[in-house]
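Throughout, protein chains are lettered first and strands after them, A, B, ... in sequence-line order, and every chain is numbered starting at 1.
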2 protein chains.
Amino acid sequence: MLSEKTVERLSEYRRHLSDLQARGVTHVFSNLLAAETRVTAAQVRRDMMNLGLSGSTATGYSVSDLLEHLAGLLDHPHSTRVALIGTGNLGRALLAFFRARPGKAVIAMAFDSDPEKSNRVCCGCRVYPMDSLEARIREDEIRTAILCVPEQDANAVAQRLVNAGVTGILNFAPTRLKVGDQVYVDTMDISSVIEKVGYYAVRGTRAPGRK
Amino acid sequence: MLSEKTVERLSEYRRHLSDLQARGVTHVFSNLLAAETRVTAAQVRRDMMNLGLSGSTATGYSVSDLLEHLAGLLDHPHSTRVALIGTGNLGRALLAFFRARPGKAVIAMAFDSDPEKSNRVCCGCRVYPMDSLEARIREDEIRTAILCVPEQDANAVAQRLVNAGVTGILNFAPTRLKVGDQVYVDTMDISSVIEKVGYYAVRGTRAPGRK
DNA sequence: TCCAGCTTGTGACATAATTCACAACGTAAG
DNA sequence: CTTACGTTGTGAATTATGTCACAAGCTGGA
Ligand SMILES: NC(=O)c1ccc[n+]([C@@H]2O[C@H](COP(=O)([O-])OP(=O)(O)OC[C@H]3O[C@@H](n4cnc5c(N)ncnc54)[C@H](O)[C@@H]3O)[C@@H](O)[C@H]2O)c1
Ligand SMILES: NC(=O)c1ccc[n+]([C@@H]2O[C@H](COP(=O)([O-])OP(=O)(O)OC[C@H]3O[C@@H](n4cnc5c(N)ncnc54)[C@H](O)[C@@H]3O)[C@@H](O)[C@H]2O)c1
């Protein structure tokens with residue numbers, strides 16, 4: 001089982017590797033990949049080791065090999081199709097973003113409790129009313145969801161998602177979701193992050209322990 | 001100098017402390033604060049220690065004391081007024097969010113290169129054209145910025161921000177910003193995070209090392 | 001008064017994450 | 001063929017982060 005930090009780096013490596021492949025590059029050294037991201041060459045090699053991949057001292061790592069292994073880890077029928085709950089300001093921005101973006105994951109369906117917003121298409125994605133949530137998520141075997149509902153509804157909706165079989169939630173509401181241990185939750189708390197950025201900004205420095 | 005993880009926790013403590021204060025609670029024990037967040041009681045006490053705060057064994061910590069010290073750390077004229085660059089889908093969602101939210105930080109000004117979008121008011125915030133960026137940021141002594149421009153423009157805009165005196169950037173573009181060591185950057189890479197969530201979702205587990 | 005039952009503060013410990021440093025490797029040029 | 005150079009793979013060291021466990025503190029009730 002890979003750690004969270006590792007998985008984040010792998011995703012970042014993949015983006016750069018795709019770029020490199022598009023530019024016709026077939027092999028890459030750890031120091032090049034490191035320069036593109038924020039990590040050291042040793043870290044890249046350590047990650048490759050954890051993945052069980054190896055390169056050659058003369059040519060480095062094979063770009064297509066790496067991409068293939070990363071796809072095996074990161075792309076999965078249950079993770080590349082996600083549901084989005086709450087098509088408000090943020091939800092719509094995300095729908096537009098995922099639609100435009102060339103990445104693997106797509107928003108397969110969206111839900112909203114507001115009858116004005118459901119039963120229509122928004123940014124190329126069908127928006128359904130909340131009463132069909134469990135049935136549709138079960139039918140499509142969706143396991144991953146993005147939660148963009150107001151704070152006070154977040155826990156109740158999360159509970160419904162989990163009951164419908166969702167095991168990974170990207171939560172934008174500034175609340176700690178109370179779900180079982182088998183469900184992975186990442187809460188992106190933008191208010192908190194902006195306070196953190198402000199903290200280091202006024203001190204005119206990077207955080208301790210940053211390269 | 002506090003670590004990034006610590007500052008994030010402090011911000012989270014503050015949210016709950018404000019709630020408690022609004023409900024008339026004057027003192028709080030470490031285990032209560034811990035239950036509201038995702039940390040242990042020992043972690044809360046360690047954070048308080050790092051802050052130089054102390055409580056009493058009988059009544060716990062004084063809510064107003066804590067809030068006062070946290071405000072001293074997190075609120076600063078240079079960090080509570082931020083600039084937002086790029087009023088596209090995401091930028092507008094953030095403008096609406098910060099406007100509605102009761103928090104300390106506010107978006108004081110926004111910029112966009114599109115003449116259709118600048119020289120108007122969006123979500124209660126003036127949007128200016130890019131050519132006035134340096135002057136306005138300097139004049140208001142803005143140090144913190146939120147970057148919501150397309151990936152290919154992110155580095156150029158970041159450079160301008162830094163030249164204008166910005167030392168903290170919350171970056172939403174999936175790019176490593178190349179800025180000096182004295183500038184703090186936090187990149188929220190949503191694509192990367194959704195891949196991480198998917199990774200753990202298909203494996204039906206929390207990440208290693210999570211409570 | 002004095003004790004029971006909670007708390008805090010913190011040294012010591014445990015775990016996670018990252019970097020160092022170097023032997024072994026592979027190629028290209030001479 | 002052989003040397004020079006820059007690379008990989010990885011054990012060990014280092015740093016960062018979180019937890020344990022317990023002495024000492026405080027309060028309310030007997
Ligand atoms: N807008 C931002 O930039 C931003 C930034 C950070 C966090 N957030 C958080 O994201 C969440 C959504 O933000 P927003 O700005 O899009 O808010 P919003 O009010 O614009 O949208 C909320 C949407 O959720 C729908 N909704 C409400 N209750 C629901 C329910 N029980 N089930 C399903 N749908 C429901 C509403 O109809 C609406 O469409 C909030 O929790 C907010 O704190 C937003
Ligand atoms: N929309 C999302 O949910 C989302 C999610 C994650 C990341 N992002 C990232 O955030 C950024 C913005 O996303 P978006 O969806 O709002 O895009 P968008 O295209 O809707 O908006 C971009 C805005 O930036 C303006 N702009 C373009 N070039 C500029 C420049 N050089 N200087 C100033 N303004 C400029 C445009 O006029 C437009 O208003 C992108 O980098 C995107 O990858 C967006």
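- Residue A/R9 has a polar side-chain atom (N or O) positioned under 4.0 Å from OP1 or OP2 of C/dT18.
- Within 4.0 Å of A/S3, counting heavy atoms only, lie sugar-phosphate atoms of the nucleic acid but no base atom.
- A donor-acceptor pair under 3.5 Å is absent between the side-chain atoms of B/T26 and the main chain of B/V63, judged by distance alone.
- Taking only distance into account, the side chain of B/R46 meets the base of D/dT19 through a donor-acceptor pair shorter than 3.5 Å.
- Between the NE2 atom of A/H27 and the C1' atom of C/dC25 there is a distance of 16 Å, rounded to whole Å.
- If B/G55 and A/K5 are placed on DNA chain C by their nearest nucleotide, the residue sitting closer to the 5' end is B/G55.
- What separates CG of A/L2 from C1' of C/dA16 is a distance of 14 Å, to the nearest Å.
- Taking only side-chain nitrogens and oxygens, A/S56 never comes nearer than 4.0 Å to OP1 or OP2 of C/dG26.
- Among the protein residues, A/S54 comes within range of the sugar-phosphate backbone only, with heavy atoms under 4.0 Å from sugar or phosphate atoms but none that close to a base.
- Between A/K104 and B/E195, none of the side-chain N atoms (NZ, or NE/NH1/NH2) sits under 4.0 Å from a carboxylate O, so this pair counts as no salt bridge.
- Taking atom CE on B/M1 and atom P on D/dA16, their separation rounds to 13 Å, with Å as the unit.
- Whole-Å rounding puts the B/D47 CG to C/dG9 C1' distance at 13 Å.
- Geometrically, B/R203 engages B/Y199 in a cation-pi contact defined by less than 6.0 Å to the ring centre and at most 45° from the axis.
- The side chain of B/R45 has D/dC22 as its nearest neighbour among C/dT7, D/dC22, C/dG26.
- Rounded to whole Å, atom C1' of C/dA16 lies 12 Å from atom CG of A/N50.
- Using a distance-only test at 3.5 Å, with no hydrogens or angles considered, a donor-acceptor pair links the side chain of A/S56 to the main chain of A/A58.
- The side chain of B/M49 lies closest to C/dG9, out of C/dT8, C/dG9, D/dT7.
- Contact between the side-chain N/O atoms of A/N31 and the OP1/OP2 oxygens of D/dG6 is not found at any separation under 4.0 Å.
- Comparing A/T57 and B/A58 by the nucleotide of DNA chain C that holds the closest heavy atom to each, the one mapping nearer the 5' end is B/A58.
- Between the side chain of B/R14 and the backbone N or O of B/L70, no donor-acceptor pair lies under 3.5 Å.
- For the pair B/M48 CE and C/dG9 P, the interatomic distance rounds to 10 Å; values are reported in whole Å.
- Using a 4.0 Å heavy-atom cutoff across all strands shown, A/S30 reaches sugar-phosphate atoms only and no base atom.
- Here the nucleotide nearest the side chain of B/Q43, chosen from D/dT19, C/dT19, D/dT8, is D/dT19.
- Straight-line distance from the CD atom of A/E4 to the C1' atom of C/dT15: 15 Å, rounded to whole Å.
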